[in-house]
Amino acid sequence: MPVAAWRWAVGSGLVPLADAGLGLWSRAVVEVADPEQVRAALRGPIGAGVAADRLTEALGVPLPILRPRVTAAAVGHLARAGLLVYLGGDTQFPDVHPDQVAALARRRDLPALLDRHVPLGPDQAARRLGVRRTDFDLIVGRLGWLAAVASVDVDYKHHGGVTRVPLYDAQEIALLEVVRPSVDWRAVRTVAAGRRSPLAGLPPAAPDGDRVFLAEVARIARVGRAAVVNWRRRYPDFPDPVAGTDVHPQFDRREVVAWLLAHDKIEVPTGPTIASLVLAGSHGATHRFRLDAPWLALADDAADEDCLSGWSTDADADALAELAARSSGASLRQLTAPGTGPLAVLGEVRVIDRFRSGAGGLRVTLAWPASLRGAASSARPEGGVVRHGVRYMASGASCGYERHDCGGLVLVSWCPGARSTGTRLRRGWSGTPAAGSDAPRLRGQGQMRASRTPSDLRGTNRGG
């Protein structure tokens, strides 16, 4: 039988582990094994490059902004970590079983496993951090925040022959934005090509050690200083001070970070946060988009605008621009983003900026009138507005209904709350504030706004 079949039988448990020494089996074990069953269990194998492509696809399509592609060398690291069975070929780029690769691709913790077991070269590390290569070189060189954990010789053949490439711990790279809370990482990631890095003005780590005060430990853990003081009292294994005074002790940053991780006070970010958008197209068709590392600014005045920016692909950015190019803009059926409940926008969603960062990512910014924002429906997968107005405006005498659950003070003719929820009007109105009401008069109010309401949203169960 093929050697790969026997290796897979051992790795999958069909036959026992070597019992007669390293890589040696006794005759009794070999004779008991079923040759046909061992042969049938082997499918493939597939090469490391094919396995790497399948794992990369499992990370997301398109690939998230802070996630480098899985390489053939990464498959070798996963095999040495025991997550894949080596079936043959080069130990650095092994052949593996396709079913085992598929099972690994289905694991929800795949990004965390890659960070834990696969070191990254400089270019991959810059991608993992979402910065330019020159910024990463600043982090390693002048600032001294990272150090290589290994190296590998790469033969570039026509580009200078064999070159030694340093490798960096992916978990340390992912933790940088956590353990360096004073850095404006959003500014670092959005700096344009050829511009001076925000990192250039920061002081390097001290030669005798990277030290932090209790206040900095609190910022890293996102707690108050009193909580860190309490941890020092409660936990005997909390790191000892390495400098400072009794009142203002200083701690080694690496020791503190290791302790915070061990006690679940912080965690390694596995990737960017994601905003999911469902936009309405022509004839009621819906289009789904994804924005990585979103930045959502919701106005607290209905006369202002909301803004949403995030990293996108060129194809998605072009499709967004095409939908928003209509005279009434796009209609946002549902927006799911960190820090807020599901939102929807009746129209006038438009693209106001497309920015290419120095790291190569494309950041898109959308905007819409805050007065058209509402809560999104949870009853239908495609979303839709169920409440109108600025959600967190206080209800008052200007509200047109006896029950103040409409989420805002904007009175519009299409709001069917009395019909859909049984709520009674306190006084009559037809798309404009009632006489004597102190409701704000907003841009595009009343019948004009009703005329711009997308036809595919009419008839939705929108509570007044």
Side-chain angles (χ1 to χ4, degrees), residues 66 81 109 111-120 122 125-126 128-131 134-151 166-189 197-273 293:
L66 300 182
D109 61 344
L113 292 174
L114 291 170
D115 285 342
R116 189 177 307 139
H117 299 294
V118 180
L120 303 176
R128 182 67 183 88
L129 197 55
V131 301
T134 54
D135 296 320
F136 183 77
D137 290 341
L138 273 176
I139 290 172
V140 174
R142 195 183 74 82
L143 296 176
W145 292 350
L146 287 175
V149 296
S151 63
L167 299 177
Y168 300 90
D169 187 289
Q171 282 192 326
E172 284 193 45
I173 296 166
L175 274 170
L176 269 179
E177 61 180 307
V178 177
V179 304
R180 305 284 174 177
S182 60
V183 177
D184 186 350
W185 289 104
R186 183 167 178 261
V188 175
R189 287 168 177 152
S197 172
L199 298 172
L202 299 180
D208 56 344
D210 193 2
R211 299 169 182 171
V212 292
F213 290 99
L214 286 175
E216 180 75 359
V217 178
R219 282 193 291 269
I220 292 173
R222 295 187 177 184
V223 296
R225 186 179 183 275
V228 180
V229 173
N230 187 40
W231 293 342
R232 289 190 67 197
R233 294 171 180 167
R234 288 178 54 198
Y235 297 99
D237 61 337
F238 193 91
D240 295 324
V242 295
T245 65
D246 291 339
V247 178
H248 299 290
Q250 289 182 313
F251 303 86
D252 181 81
R253 188 186 297 265
R254 285 182 174 273
E255 291 182 1
V256 167
V257 170
W259 186 91
L260 292 173
L261 283 170
H263 289 78
D264 296 325
K265 305 300 183 184
I266 61 174
E267 59 184 19
V268 180
T270 56
T273 55

Quick one: closest heavy-atom pair of [X] and [Y], and the distance?
X	Y	value
Ala205	Gly144	CB-O, 4.2 Å
Leu143	Pro203	CD2-O, 3.7 Å
Arg232	Pro249	NH1-CG, 3.6 Å
Ala293	Pro272	N-CB, 3.8 Å

Between CG on residue Leu146 and CG on residue Leu175, distance to nearest 0.5 Å: 10.0 Å
Pairwise distance CG(Asp137) to CG(Leu199) - rounded to 0.5 angstrom: 11.5 Å
Residue pair Phe213, His248: steps toward the side chain to side chain contact (heavy atoms under 4.5 Å, CB included) verdict: CA-CA 7 Å; Phe213 290 99; His248 299 290; 4.1 Å; yes
If we only count heavy atoms from C-beta on, is the [X] to [Y] side-chain gap below 4.5 Å?
X	Y	result
Trp145	Ile173	no
Ile139	Leu176	yes
Tyr168	Pro122	yes
Arg180	Leu202	no
Leu138	Ser197	yes
Thr245	Gln250	no
Thr270	Leu114	no

Pair Trp231-Leu260, side chain to side chain contact (heavy atoms under 4.5 Å, CB included): steps then yes or no: CA-CA 10 Å; Trp231 293 342; Leu260 292 173; 3.7 Å; yes
Steps toward side chain to side chain contact (heavy atoms under 4.5 Å, CB included) verdict (Ile220, Lys265): CA-CA 9 Å; Ile220 292 173; Lys265 305 300 183 184; over 6 Å; no
Sequence-distant partners of Ala227, side chain to side chain contact (heavy atoms under 4.5 Å, CB included), two or more places apart: Val223
Test side chain to side chain contact (heavy atoms under 4.5 Å, CB included) applied to Arg219 - qualifying residues, sequence neighbours left out: Pro181, Ala215, Glu216
Arg128 and Asp115 ion-paired at < 4.0 Å: yes
Electrostatic pair Glu177-Arg186, nearest N-O below 4.0 angstrom: no
Ignoring hydrogens and geometry, is there a side-chain-to-backbone donor-acceptor pair from [X] to [Y] under 3.5 Å?
X	Y	answer
Arg225	Val217	no
Arg253	Val179	yes
Arg254	Asp210	no

Could you list the donor-acceptor pairs under 3.5 angstrom formed by side chains in residues 235-244, with sequence neighbours left out?
unit_1: Asp237; atom_1: OD1; unit_2: Trp259; atom_2: NE1; d: 3.2
unit_1: Asp237; atom_1: OD2; unit_2: His263; atom_2: NE2; d: 3.1

Option from Asp184, Leu66, Asp135 for which side-chain contact (heavy atoms from CB on, under 4.5 Å) with Arg189 holds: Leu66
